Amino acid sequence: MRYTRAFIPTAREVPKDATMPSHQLLLRAGYIRMVGAGIYEMLPLGLRVMNKIAAIVRAEMDGAGAQELLMPALLPRDYFEESGRWSSFGPTLLRLTDRRGGDYHLGPTHEEIITDLVRREVKSYRQMPLNLYQIQMKFRDEPRPRAGLLRCREFMMKDAYSFDVSEEAAIRSYEIMREAYHRIFRRLGLEYRLVGADSGAMGGSTSAEFQVLAQNGEDAIVACGACDYAANVEVAEAVEPEGAPASASGPPEKVHTPGKRSIDEVVAFLGGGLTAARTLKSVFYLAGEAVVLAVVRGDHEVNEVKLARALGVSEVFMASDADVAAASGAQPGSCGPVGYRGRVIVDPAVTRVSDAVTGANETDYHLTHVAYGRDFEGEVRPIRQVGAGDACPSCSAPLAAYRGIEGGHIFVLGTHYSAKMGATFNDEDGQDRPIVMGCYGIGVSRLVATAVEQNHDADGIRWPMAIAPYQVLLTPIGKDDAPFELAERLYEELGALGVEVLLDDRRERPGVKFKDADLLGVPLRVTIGDRGLAEGVLELKARTAKDADKIAVEGAAARIAAAVKEQLG
RNA sequence: CGGGGCGUAGCGCAGUCUGGUAGCGCGCAUGGUUCGGGACCAUGAGGUCGGAGGUUCGAAUCCUCUCGCCCCGACCA
């Protein structure tokens with residue numbers, strides 16, 4: 001492609017509405033434009049990148065035995081009504097009405113539709129295993145679209161669905177997908193972790209996320225440096241605490257702590273070598289109608305997902321100050337489990353804190369020399385959040401904390417949808433049984449932005465070769481015609497070698513061209529100037545490299561093509 | 001949905017408090033000089049000041065309503 005003919009609207013200034021690097025750079029470099037909140041146009045460069053990602057996904061899905069199809073995005077109400085999601089999906093479902101008043105929605109995901117297709121056509125165990133996928137726009141009325149392509153109301157997704165005769169067979173399908181996903185993410189050139197995840201609203205027994213590591217990620221994950229353990233902090237397990245059960249050097253003692261509400265304030269106020277780890281944090285939650293007191297060590301945090309699970313409810317809400325006062329008789333910050341007469345959930349680590357400090361259930365007072373077992377009891381359940389420095393549950397090495405962007409999510413669904421929708425098959429014995437399903441998503445458009453989050457510097461994008469919009473950027477510079485003529489020749493030669501080339505044939509000053517080159521992020525730049533030409537050389541520079549290599553004009557095309565191949569791995 | 005911020009030329013902004021007929025930088029067009037990291041000079045085009053209503057002799061500016069966008073939170077296969 002010739003730059004003078006290409007639609008690449010670059011901008012020097014940072015768009016004010018963009019805060020994330022990927023959002024800013026994709027806008028500035030002319031890859032995307034915004035139409036509305038969470039709605040974007042993919043400009044030619046952006047589409048090329050997305051198509052490359054999709055091509056890799058397709059190749060690996062096909063290689064894993066999945067077959068591509070395309071379902072409609074516009075869907076009548078009936079299907080979601082059948083599974084119960086017409087109401088349970090809530091306002092996130094983008095609904096619309098046709099001229100006859102019929103209810104429709106735009107598909108946020110396609111379990112119901114594919115299950116309907118399969119129940120009509122798959123009747124025998126002989127037709128399985130079956131894995132069908134599509135790459136298609138998804139629509140969700142997100143409560144808050146943000147961060148450019150990372151959280152959109154309309155986004156490109158690859159969703160695959162597996163159909164099997166048994167749980168064991170379904171797990172095999174799941175594992176095949178998991179391996180295919182590893183290949184996909186590796187080929188995309190992204191640093192990622194496979195992490196244990198919360199199955200959440202999808203229901204189902206097994207699920208894992210492919211988290212692409214990024215500073216700005218929405219998800220918090222922990223990963224072990226020594227083994228391959230990694231998990232979303234929502235589900236990461238804390239190892240059983242070591243050490244002796246809690247004891248105390250004396251009876252509880254009430255101390256005046258005026259106005260000290262947070263753990264940090266109390267620690268600083270009491271001093272004397274007290275650390276947050278020797279205090280107890282008491283947090284009141286509402287689980288339905290009931291008030292529950294959750295107690296964790298002072299330097300730990302309550303994990304609400306785990307707490308909800310321990311209580312057997314779907315979610316918990318932090319109690320208001322008024323609720324806390326009614327339950328404990330004190331302000332938040334002065335509450336504690338000692339003498340508290342309601343339901344208490346205690347994190348295991350709490351049972352090892354000797355001479356603990358905790359709220360006295362009397363505003364502006366705390367208790368010292370408190371010990372679990374002697375001064376209070378409760379239901380011991382793991383409810384704390386795991387963080388950096390915690391021991392790995394599988395090998396005990398310290399865990400590191402990361403932020404990640406969910407790039408893919410795989411689930412074993414079981415018979416959640418098939419049972420509800422009557423998707424059954426005849427087994428070898430002629431018995432009717434529900435099909436066992438799995439589903440597997442990859443956020444294709446999101447990965448465009450994710451790749452930028454992970455591959456950029458102060459000057460612009462640094463695409464991995466595998467997904468770059470072009471592989472080589474030819475940059476003739478200077479006022480003479482010779483560099484441009486050579487660039488034209490190289491352009492032809494490289495094209496013939498199958499290299500994807502962008503030729504910057506603009507008669508711009510060198511600075512302008514270099515700035516745009518760095519911004520666009522094409523992995524290899526070839527600079528052709530009269531200086532080099534006088535010596536019979538041109539410059540080949542990787543976007544990620546500091547300096548350029550001088551290569552001979554003679555045989556340059558082959559050299560460059562080889563460099564492309566090398567970066568493709 | 002709660003809290004905060006912002007809508008003025010394609011982009012980034014000033015002007016709004018204190019009402020008087022819209023400005024700067026970048027970009028764009030034309031001519032000239034330049035040419036290895038976003039050049040310079042000259043000339044020029046480009047704006048219903050998000051929208052509607054109101055107050056006023058007069059509204060970008062004051063009042064009311066409304067639409068949109070961003071951030072934090074809630075939420076999130």
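Lettering follows sequence order; numbering is per chain, from 1. All of these numbers come straight from a predicted model, not from anything done at the bench.
For Y174(A), there are no side-chain hydrogen bond (donor to acceptor under 3.5 Å, both in side chains) partners at least two apart in sequence or on another chain. Applying the side-chain contact (heavy atoms from CB on, under 4.5 Å) criterion to R77(A), with sequence neighbours excluded, gives E81(A), W86(A), D103(A). Evaluation of the side-chain hydrogen bond (donor to acceptor under 3.5 Å, both in side chains) rule for E488(A) yields R2(A) as partners, not counting sequence neighbours. Annotation: side-chain contact (heavy atoms from CB on, under 4.5 Å) contacts of S87(A) (sequence neighbours excluded): none. Partners of D481(A) according to the side-chain hydrogen bond (donor to acceptor under 3.5 Å, both in side chains) rule, which considers only residues two or more places apart in sequence or in another chain, are R507(A).
The 5' end of RNA chain B is approached more closely, in terms of each residue's nearest nucleotide, by P15(A) than by the other of P15(A) and D159(A). When the nearest nucleotides of RNA chain B are assigned to I442(A) and G148(A) by heavy-atom distance, the more 5′-ward of the two goes with G148(A).
The side-chain hydrogen bond (donor to acceptor under 3.5 Å, both in side chains) analysis of residues 10-19 of chain A, with sequence neighbours excluded, yields the pairs T10(A)-D516(A). Residue pairs meeting the salt bridge (charged side-chain N to carboxylate O under 4.0 Å, His left out) criterion with at least one member in residues 525-539 of chain A, sequence neighbours excluded: D518(A)-R525(A).
Base engagement by R146(A) is indicated by at least one non-hydrogen atom pair under 4.0 Å involving a base atom. F89(A) comes within 4.0 angstrom of no nucleic acid atom, judged by non-hydrogen atoms across all strands. Using a 4.0 Å heavy-atom distance criterion, K479(A) is classed as a base contact.
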Please produce a list of atom pairs where a protein N or O lies less than 3.5 Å from an N or O of nucleotides 25-29 of chain B.
residue, atom, partner, partner atom, Å
G25(B), N2, E13(A), OE2, 2.5
C26(B), O3', R12(A), NH2, 3.4
G27(B), OP1, R12(A), NH2, 3.1

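For the P atom pair drawn from C40(B) and C35(B), the interatomic distance equals 14 Å after rounding to whole Å.
Of the residues in residues 33-47 of chain A, those with a non-hydrogen atom less than 4.0 angstrom from any atom of RNA chain B are M34(A), G36(A), A37(A).
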